[in-house]
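One structure below.
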Amino acid sequence: MRFRAAVYALVRRVPRGHVVTYGQVAALVRQPRSARAVGAAMKQCPEGVPWHRVVNAQGGISRRRVVSGMLTQRIRLEQEGVRLRRGRVPLTHYRWEGTPRWTSR
DNA sequence: GACTTGACTAGAC
DNA sequence: AGTCTAGCCAAGT
């Protein structure tokens, strides 16, 4: 499961108060076509992984089985100082560019 | 190992 | 700007 490990390692680097999109995470781990897989990996994210800093390409919080999860994500982001505009994160302000992963794979 | 599932996306209306 | 559609692909069955 090298993929998931790379995803978690990457997400752990996202600074407080910043966010990244699923597609971005996929690209950063050198697998630009695996955005959906990133979402799947997030379902199981281990402790210590700031999963709430991962949002969809529109800066919104993606739907999931447990709706409460969406709320907690929004709350966590706000607690870090990320302000939502019209229900979404202004990616132009909070997006973390990140750095390509040299890692493992 | 074949088949189904989406915390996804870009593109077309 | 909101909806649909078609590719995608790691994970889970």
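Values reported hereafter were calculated over all heavy atoms of this structure, with side chains retained and with hydrogens, waters and symmetry mates removed. Computed from a prediction, not measured in an experiment: that's the story for all the values here. Residue numbers begin at 1 in each chain, while the letters A, B, ... track the order of the sequences.
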Which part of the nucleic acid, if any, lies within reach of Q44(A) when heavy atoms closer than 4.0 Å are counted: base, sugar-phosphate only, or nothing?
-> sugar-phosphate
If you check the Y22(A) side chain, which of dC8(C), dC8(B), dA11(C) turns out closest?
-> dC8(B)
Flag the pair R4(A) / Q44(A) as yes when at least one side-chain heavy-atom distance between them is below 4.5 Å, and no otherwise.
-> yes
Considering only heavy atoms from C-beta outward, does the side chain of R83(A) approach that of Y94(A) to under 4.5 Å?
-> yes
To the nearest angstrom, how far is L77(A) atom CG from dA7(B) atom P?
-> 18 Å
Calculate the interatomic distance between M42(A) atom CE and dT5(B) atom C1'; express it in whole Å.
-> 17 Å
Within the pair Q31(A) and dA10(C), is there a side-chain N or O less than 4.0 Å away from OP1 or OP2?
-> yes
Atom CZ of R33(A) and atom P of dG11(B) are separated, to the nearest Å, by 11 Å
Taking atom C1' of dA1(C) as reference, at what distance in whole Å does atom CZ of R85(A) sit?
-> 19 Å
Below 3.5 Å, does any donor atom in the side chain of R36(A) face an acceptor in the base of dG7(C), or the other way round?
-> yes
From CA spacing to verdict: side chain to side chain contact (heavy atoms under 4.5 Å, CB included), W96(A), R53(A) | CA-CA 10 Å; W96(A) 176 62; R53(A) 297 182 190 147; over 6 Å; no
Can V38(A) and Q31(A) be said to form a side chain to side chain contact (heavy atoms under 4.5 Å, CB included), step by step?
-> CA-CA 10 Å; V38(A) 172; Q31(A) 251 174 118; over 6 Å; no
Does R88(A) put a side-chain nitrogen or oxygen below 4.0 Å from OP1 or OP2 of dA1(C)?
-> no
Specify the separation, in whole Å, of atom CD of Q24(A) and atom C1' of dC8(B).
-> 13 Å
How does DNA chain B read in dot-bracket, base by base from 5' to 3', with Watson-Crick or G-U pairs under 3.5 Å and | used when the partner is on another strand?
-> .|||||.||||||
Please give, in whole Å, the distance from dA10(B) P to N56(A) CG?
-> 10 Å
Counting only side-chain N and O atoms of S62(A), is one of them less than 4.0 Å from OP1 or OP2 of dC8(B)?
-> yes
Taking the side chain as every heavy atom from C-beta outward, state whether F3(A) and V29(A) have any atom pair closer than 4.5 Å.
-> yes
Among dC9(C), dA7(B), dT9(B), which is the nearest nucleotide to the side chain of R64(A)?
-> dA7(B)
Which nucleotide in dA10(B), dA11(C), dA7(B) has an atom nearest any side-chain atom of A57(A) | dA10(B)
Measure from CZ on F3(A) to C1' on dC8(B) and round the result to the nearest Å.
-> 11 Å
CZ (R88(A)) with more than 12 external heavy atoms under 6.0 Å = yes
Evaluate the side-chain proximity of I75(A) to H52(A): yes if any heavy-atom separation is below 4.5 Å, no if none is.
-> no
5' priority, DNA chain C, between K43(A) and S34(A) [closest heavy atom] | S34(A)
